[in-house]
Structure formats: structure tokens, C-alpha cells
Amino acid sequence: TLFRSTMWGAESLIERTFTVNVQKLQENYRNLQRLLHPDYFSNKSQKERDLSEMQSSLVNKAYRTLLTPLSRGLYLLKLNGIKLGDGTDGDVDMPFIVEIMEINEKLEDALNVTEVENIGNFVEAKFEELTRRSEE
């Protein structure tokens with residue numbers, strides 16, 4: 001799914017996908033921090049310093065969310081209207097939790113981009129399947 005994003009007057013299309021190019025993510029993060037980090041606004045007005053701090057904090061949060069597969073997956077679920085409860089739930093589907101843990105282990109052991117993309121494709125297919133089942 002593509003969605004429009006506008007930042008500083010520049011519009012771009014961003015794909016909502018589980019697969020992330022970590023190198024590109026890190027590069028974008030560094031570029032945004034070069035523009036927004038509060039250290040670069042020390043001689044600016046209080047309003048500009050406050051805005052810089054707020055925007056820099058959002059960039060940090062987005063980076064942390066997208067960097068790890070679990071937080072990225074949870075964020076994608078949220079974007080698609082699926083809200084998971086906080087904490088643990090007594091009626092958690094343990095086989096599902098084990099499957100998630102196994103997927104995370106495969107991601108940690110992945111040796112190349114193709115393996116990571118294959119895992120991402122599997123997760124996206126599983127997500128679509130579970131979404132369909134939950135709508136029945």
C-alpha cells in the first residue's frame with residue numbers, strides 16, 4: 001500500500017511494507033537529524049528550539065520503531081486498524097507467540113537481504129491471512 005507523505009513542501013510516495021532497507025533508513029535518519037537536531041538550533045529563538053526538539057524526538061521515535069522487526073510489525077498493525085492490548089493477556093494464542101519468536105530468530109540469523117525479504121513476504125502473507133480470518 002502506498003500513501004502520500006509531505007515534508008517541507010516535498011511530496012513523496014512511501015510504501016507501507018514490513019521490509020525495510022536498514023542502510024537507507026539509517027541514512028535518512030542521519031540526514032533528518034542533521035536538519036533537526038536541537039544542537040543546531042542553540043542560537044535560534046525559543047520557539048525554534050522547542051520545535052526542533054519536538055521534531056527531533058519524533059524522528060528518533062520513528063527510527064526506533066522502524067529499525068526493529070517487532071516494533072515495525074506492531075506499527076503496521078496499528079496503521080491497519082488492528083490494536084493490540086497493553087501488557088499480557090491470559091488468553092494469548094501461545095502457538096502464535098511461538099511463531100512470532102521463531103520469525104524473529106530467523107530475522108536475526110538472516111545472512112542476506114533476500115532472506116530478510118522472504119521473511120517479510122511471509123509475514124505480510126500471514127498478516128493478510130489473519131486479517132481475513134478476523135473479519136469473518
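Hydrogens, waters and symmetry mates play no part in the numbers below; they use all other heavy atoms, side chains included.
Checked against salt bridge (charged side-chain N to carboxylate O under 4.0 Å, His left out), E124 has no partners two or more places apart in sequence or in another chain. Partners of Q46 by side chain to side chain donor-acceptor pair (under 3.5 Å), not counting sequence neighbours, listed by chain and number: R49, D50. For N31, the side chain to side chain contact (heavy atoms under 4.5 Å, CB included) partners two or more places apart in sequence, or in a different chain, are E27, R34. The salt bridge (charged side-chain N to carboxylate O under 4.0 Å, His left out) check on K126 picks up E99, with sequence neighbours excluded. When the side chain to side chain contact (heavy atoms under 4.5 Å, CB included) test is applied to K44, the partners found at least two apart in sequence or on another chain are F41, E48. Annotation: side chain to side chain contact (heavy atoms under 4.5 Å, CB included) contacts of N112 (sequence neighbours excluded): T114, E115.
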For residues 57-77, tabulate all N or O donor-acceptor pairs below 3.5 Å that involve a side-chain atom, not counting sequence neighbours.
{"unit_1": "N60", "atom_1": "OD1", "unit_2": "Y29", "atom_2": "OH", "d": "2.7"}
{"unit_1": "N60", "atom_1": "OD1", "unit_2": "Q33", "atom_2": "NE2", "d": "2.6"}
{"unit_1": "N60", "atom_1": "ND2", "unit_2": "S56", "atom_2": "O", "d": "3.4"}
{"unit_1": "T65", "atom_1": "OG1", "unit_2": "K61", "atom_2": "O", "d": "2.8"}
{"unit_1": "T68", "atom_1": "OG1", "unit_2": "S71", "atom_2": "OG", "d": "2.5"}
{"unit_1": "S71", "atom_1": "OG", "unit_2": "R64", "atom_2": "O", "d": "3.4"}
{"unit_1": "S71", "atom_1": "OG", "unit_2": "T65", "atom_2": "O", "d": "2.6"}
{"unit_1": "S71", "atom_1": "OG", "unit_2": "T68", "atom_2": "O", "d": "3.2"}
{"unit_1": "R72", "atom_1": "NE", "unit_2": "F18", "atom_2": "O", "d": "2.6"}
{"unit_1": "R72", "atom_1": "NH1", "unit_2": "L66", "atom_2": "O", "d": "2.4"}

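Residue pairs meeting the ring-ring contact (aromatic ring centres under 6.0 Å, His included) criterion with at least one member in residues 98-124: none, sequence neighbours excluded.
Interatomic distance, NE2 of H37 versus CD of Q55, reported as 13.5 Å (0.5 Å rounding). Taking CG of N121 as the start and OG1 of T19 as the end, the distance is 5.5 Å to the nearest 0.5 Å. To the nearest 0.5 Å, the span separating CG on N21 from CD on Q26 amounts to 9.0 Å.
V113 and L107 are members of different hydrophobic clusters when ILVMFWY side chains are connected at heavy-atom separations under 4.5 Å.
In the hydrophobic clustering (ILVMFWY side chains linked at under 4.5 Å, chained through shared members), M54 is joined by L51.
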